[in-house]
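Here is the structure we will look at, set down as structure tokens.
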Amino acid sequence: MSYDKVDVPESGQKITVEAEGEEGLHVPEDPIIPIIHGDGIGQDVGPAAQKVLETAAEATGREVNWMRLYAGESAREKYDENLPDETVEAIREHRVAIKGPLTTPVGAGFRSLNVALRQTLDLYANVRPTYYLDGVPSPMKAPEEMDMVTFRENTEDVYAGIEWEAGTDEAEQVREFVEEEMGFDETMHEGPIGLGLKPISEKGSKRLVREAIDYAIENDRDKVTLVHKGNIMKFTEGQFGEWGMEVAEEEYPDEEVFAAPDSLWEEQDEVDIPEDAVMVEERLADAMLQWMQLRTDEFDVLAMPNLNGDYLSDAAGAQIGGLGIAPGANFGDNRCLAEPVHGSAPKRAGQDMANPTALILSGRLMFEYLGWDDTGELIRDAVEETISSGTVTYDLARQREDAEKVGTSEYADAICENIEKLS
Ligand code: NAD
């Protein structure tokens, strides 16, 4: 496709799909990768992360050819709109991209650009690896026990936006239908009432669980835990669990994936699991929030509906030091859009202060998606070396007496030096 306001890099090749309709990308050693720096602190962390990622790629014999795209404020300046078509199309065409945070203006009529991107590109799994980096201040006694990856369904559940405001005709019509046609005549209180739908589909549940199991197999993980509240919401959350277990039972050989029977109600210690198989189990969401803190090292990959995923991944992130370092990515079929968990933190914008670690580690996740595991490892090691040696940005410095506070760009330079040293 030809672009109007995007500079297409002169060198580099496109990432392509190996066979249409099947999973698998053909990744050249010099790919073109679209990047959106983002709003607010995006202008600080974007260029810093870009530098670290290209340094790590070069150190492992590869070359990233960046294709700068625009969304949010930078797009309003260039295109007079928030999310230009050519930004979306460029990500679609190049399969894999990375973005910084985008501001969602408060007020009616503004749709979140992040949600719009995820929906338009059908990026159905929000993936957040949560692991401890030596030297990061944490409220936990043993933060190093955390090494978990959460898969959050990204397209449905109560986030589908099918809801009706209290006092409107629509809300009353839905109430009438539910009471009179569906027979729930004594369930809702009288007077104004807000109502919403919680769609959980077979398609949405199964493809998410499949993605989590495939990830566990490819990354030598032992266990996938399906987290839901199926004891109460039987036909939505409970059904998610059933469909998830069906995927585990029916789509993989027994020696590869073992669907643990009755795991909701019984301890699994006694179960005989085939060696090297990934165990798939179910857990209730409320209990899971406790166990994540009390039995952190027992969990590995978690797969869950949208709302559970939202709560659980933030809680997990807090255990290993919080927003400035929490990476993420959105996966679809043969697609990946990496983005940090944090937002645009407008108060810190443009001051060369913000912590670029989350965006850098999101880049690590993107590289691993491309099969560049050695590049990903190098990034992790260099970031950890930098933080543990006491070179940190303001957010971590204020929690550590022994650390030297540096700006965003100086911190990125220190990581690049460590990449050179470690490679
Ligand atoms: P935020 O993540 O921007 O900030 C929350 C707190 O964390 C602030 O105190 C901030 O200073 C700190 N923080 C965040 N990232 C940091 C970093 N890299 N280094 C140091 N400190 C950091 O959340 P918010 O204030 O709720 O949201 C601000 C804007 O960002 C809103 O418009 C929101 O819609 C948007 N947002 C975007 C995304 C995304 O692009 N995926 C995600 C969340 C929020």
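In listed order, ligands and their atoms are each counted from 1. Quick note: residue numbers are just sequence positions, from 1.
- Protein heavy atoms are absent from the 4.0 Å sphere centred on atom 12 (C) of ligand 1.
- With hydrogens and angles left out, the side-chain atoms of W66 and E54 include a donor and acceptor closer than 3.5 Å.
- With hydrogens left out, the protein atom closest to atom 18 (N) of ligand 1 is N355 O, 2.9 Å, a heavy atom.
- Atom 22 (C) of ligand 1 has its closest protein heavy atom at Y394 OH, 4.2 Å.
- Taking the six-membered ring where tryptophan is involved, the planes of H228 and F240 are perpendicular, since the angle between them exceeds 60° and thus also 30°.
- Qualifying side-chain hydrogen bond (donor to acceptor under 3.5 Å, both in side chains) partners for N65, counting only residues two or more places apart in sequence or in other chains: S11, E63.
- Protein heavy atom at the shortest distance from atom 1 (P) of ligand 1 is G343 N, 3.5 Å.
- Summary of contacts: the protein heavy atom closest to atom 32 (O) of ligand 1 is T104 N, 2.9 Å.
- Atom 3 (O) of ligand 1 is flagged as protein-proximal [any protein heavy atom, distance under 4.0 Å].
- Classified by interplanar angle (parallel below 30°, tilted 30° to 60°, perpendicular above 60°), the ring pair F151/F331 is perpendicular.
- For atom 43 (C) of ligand 1, the nearest protein heavy atom lies closer than 4.0 Å.
- There is no protein heavy atom closer than 4.0 angstrom to atom 24 (P) of ligand 1.
- A salt bridge is defined here as a Lys NZ or Arg NE, NH1 or NH2 lying under 4.0 Å from an Asp or Glu carboxylate O, and D147 with R221 meets this definition.
- Residue-level proximity to ligand 1 for I41 is carried by the side chain, the only part with a heavy atom below 4.0 angstrom.
- Protein heavy atom in closest approach to atom 8 (C) of ligand 1: A345 CB, 4.7 Å.
- Only side-chain heavy atoms of L323 come within less than 4.0 Å of ligand 1; its backbone N, CA, C and O stay farther off.
- Taking the charged nitrogens against the carboxylate oxygens, K198 and E237 do have a contact shorter than 4.0 Å, which makes a salt bridge.
- In this comparison of V45, N114, N330, the heavy atom closest to atom 38 (C) of ligand 1 sits on N114.
- A salt bridge does not link E58 to R62: none of the charged nitrogens lies less than 4.0 Å from a carboxylate oxygen.
- Ligand 1 has no atom lying under 4.0 Å from any heavy atom of L113.
- With a 4.0 Å cut-off on non-hydrogen atoms, K347 does not touch ligand 1 at all.
- Residue contacts with ligand 1 include S344, since one or more of its heavy atoms lies under 4.0 Å from the ligand.
- Under 4.0 Å is where a charged nitrogen must lie from a carboxylate oxygen, and between D381 and K421 no such pair does.
- Of the protein's non-hydrogen atoms, L102 O, 3.2 Å is the one closest to atom 37 (C) of ligand 1.
- With respect to D7 and R68, no salt bridge is recorded, no charged nitrogen being found less than 4.0 Å from a carboxylate O.
- Within the structure, the closest approach of M353 to ligand 1 does not fall below 4.0 Å when heavy atoms are considered.
- For atom 34 (O) of ligand 1, the nearest protein heavy atom lies under 4.0 Å away.
- Annotation for E420: atom CD counts as buried by contact number, over 12 foreign heavy atoms lying within 6.0 Å.
- Of all atoms in ligand 1, numbered sequentially from 1 with element shown, those under 4.0 Å from a heavy atom of P101 are 40 (O).
- Here D314 pairs with R128 in a salt bridge; the nearest charged N to carboxylate O distance falls below 4.0 Å.
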